[in-house]
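The model shown is predicted, which means the values in this text are computed figures rather than measured ones.
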Amino acid sequence: MNNKTVYLTIDDGPTDTTEHFLDVMKKHHSHAAIFVVGEMIKVRENIIRRIAAEGHSIGVHAYLHEYDIVYQSTKAFWEDNLKTRDMIEKITGKAPKIVCFPGGSSNTVSSRYCHKIMTDLAEVVYSIIRPEIPFPIVCGIRPSSA
């Protein structure tokens, strides 16, 4: 028998539909990686607790998900992400180990704010794992040699 695996990722939450999504995943005994926005966590801490309790992976997407802030510089990107990371850790007791870039890893929107930022971020990620960057896994990034 051929076993097939699907990796499901969801970002930009938690939202009003997240609990329904979690109900469906639970019904089908499935899990996902859920990339959250810090600003949305503030009013939905209970959903973050549920995501963790039900065995889903929680990752950082952004704090504000505002490109002009997130992509000002690599420093601004990591500061934004660390703010969300700290919130998740405070709620769940575990720091997330995954991150997903707002707009995707091959996005073009970021270049409007900081030239070559995605290249610079990818180089940092692939020079990992460096202690000052707490995210060992980044969704959607491929090494330049791939």
Side-chain angles (χ1 to χ4, degrees), residues 1-71 74 76-113 117-146:
M1 175 188 240
N2 283 340
N3 289 330
K4 295 183 180 186
T5 302
V6 173
Y7 293 94
L8 182 60
T9 63
I10 305 295
D11 59 347
D12 297 343
T15 66
D16 293 336
T17 60
T18 302
E19 290 197 272
H20 175 70
F21 169 78
L22 293 172
D23 292 341
V24 171
M25 295 301 285
K26 189 174 190 175
K27 177 181 175 184
H28 293 283
H29 309 286
S30 300
H31 293 94
I34 302 172
F35 295 92
V36 299
V37 176
E39 186 176 50
M40 299 171 103
I41 292 172
K42 292 189 287 189
V43 295
R44 295 182 175 95
E45 286 187 20
N46 60 323
I47 297 175
I48 297 299
R49 284 186 197 89
R50 180 178 172 193
I51 292 168
E54 293 181 5
H56 301 281
S57 298
I58 301 176
V60 175
H61 195 43
Y63 180 77
L64 292 175
H65 205 292
E66 294 182 20
Y67 298 135
D68 59 333
I69 294 171
V70 174
Y71 293 125
T74 55
F77 175 85
W78 291 117
E79 286 174 354
D80 180 86
N81 275 264
L82 287 171
K83 187 173 183 179
T84 303
R85 175 190 170 270
D86 292 346
M87 291 176 75
I88 295 166
E89 184 174 18
K90 183 178 179 186
I91 295 166
T92 67
K94 292 176 74 175
K97 303 255 187 246
I98 53 178
V99 62
C100 188
F101 293 112
S105 62
S106 59
N107 73 62
T108 55
V109 70
S110 59
S111 63
R112 293 182 212 152
Y113 306 104
I117 190 167
M118 294 311 296
T119 301
D120 294 343
L121 289 170
E123 286 175 6
V124 168
V125 168
Y126 280 101
S127 68
I128 302 195
I129 302 188
R130 292 172 45 182
E132 67 271 23
I133 309 292
F135 303 104
I137 302 170
V138 178
C139 78
I141 289 277
R142 290 189 178 143
S144 58
S145 61

(Q) Distance check, rounded to the nearest 0.5 Å: Ile41 atom CD1 versus Ile48 atom CD1? (A) 4.5 Å

Q: Go through the structure and list residues passing side chain to side chain donor-acceptor pair (under 3.5 Å) with Thr84, not counting sequence neighbours.
A: none

Q) In Å and rounded to the nearest 0.5 Å, what is the CD1 to OG distance from Ile10 to Ser57? A) 12.5 Å

(Q) Please determine whether side chain to side chain contact (heavy atoms under 4.5 Å, CB included) holds for the pair Val70 and Leu64, giving the CA-CA distance in whole Å, both sets of side-chain angles, and the decisive distance to 0.1 Å. (A) CA-CA 8 Å; Val70 174; Leu64 292 175; 5.7 Å; no

Q. If every non-hydrogen atom of Ile69 is compared with every non-hydrogen atom of Ala76, which pair is closest and at what distance?
A. O-CB, 3.6 Å

(Q) Among residues at least two apart in sequence or on other chains, which ones pass salt bridge (Lys or Arg N to Asp or Glu O under 4.0 Å) with Glu45? (A) Arg49

Q) Ile58 and Pro96: which non-hydrogen atoms are nearest, and at how many Å? A) O-CB, 3.2 Å

Q.
Would you say that Leu8 contacts Ser30 through its side chain, given a criterion of any heavy-atom pair below 4.5 Å between the two side chains?
A. no

Q) Taking only residues two or more places apart in sequence or in another chain, which ones pass side chain to side chain contact (heavy atoms under 4.5 Å, CB included) with Val24? A) His20, His28

Q) Parallel, tilted or perpendicular for His65 and Tyr67, by the 30°/60° rule? A) tilted

(Q) Just so I know, are the side chains of Leu82 and Asp80 near enough to count as touching, which here means a heavy-atom distance under 4.5 Å? (A) no

Q | Heavy-atom closest contact (Arg85 atom, Ala95 atom, distance) | A | NH2-CB, 3.6 Å

(Q) Testing the basics here: between Val37 and Asp12, what is the closest heavy-atom pair and its distance to 0.1 Å? (A) CG2-CA, 3.8 Å

Q.
Just to verify, what does Phe77 make a ring pair (Phe, Tyr, Trp, His ring centres under 6.0 Å) with, not counting sequence neighbours?
A. Phe101

Q) So does Arg112 pair up with Asp68, basic N to acidic O under 4.0 Å? A) no

Q: Could you list the residues that satisfy salt bridge (Lys or Arg N to Asp or Glu O under 4.0 Å) with Glu39, not counting sequence neighbours?
A: none

Q. Are Val60 and Ile88 side-chain neighbours, meaning at least one heavy-atom pair lies under 4.5 Å?
A. yes

Q. In chain order, what residues pass the side chain to side chain contact (heavy atoms under 4.5 Å, CB included) check against Thr18, with sequence neighbours excluded?
A. Pro14, Thr15, Leu22, Ile47, Ile51

Q) Which residues pass the salt bridge (Lys or Arg N to Asp or Glu O under 4.0 Å) test with Asp23, sequence neighbours left out? A) Arg50

Q) Which residue pairs satisfy the side-chain hydrogen bond (donor to acceptor under 3.5 Å, both in side chains) criterion with at least one member in residues 87-96, sequence neighbours excluded? A) none

Q: List for me each residue that meets ring pair (Phe, Tyr, Trp, His ring centres under 6.0 Å) alongside His56, sequence neighbours excluded, and say none if there are none.
A: His31

Q. Is the Tyr63-His61 ring centre distance short of 6.0 angstrom?
A. no

(Q) Do Ile98 and Phe35 have side chains that approach each other closer than 4.5 Å (heavy atoms only, starting at C-beta)? (A) yes

Q.
Please enumerate all residues that pass ring pair (Phe, Tyr, Trp, His ring centres under 6.0 Å) together with Phe21, with sequence neighbours excluded.
A. none

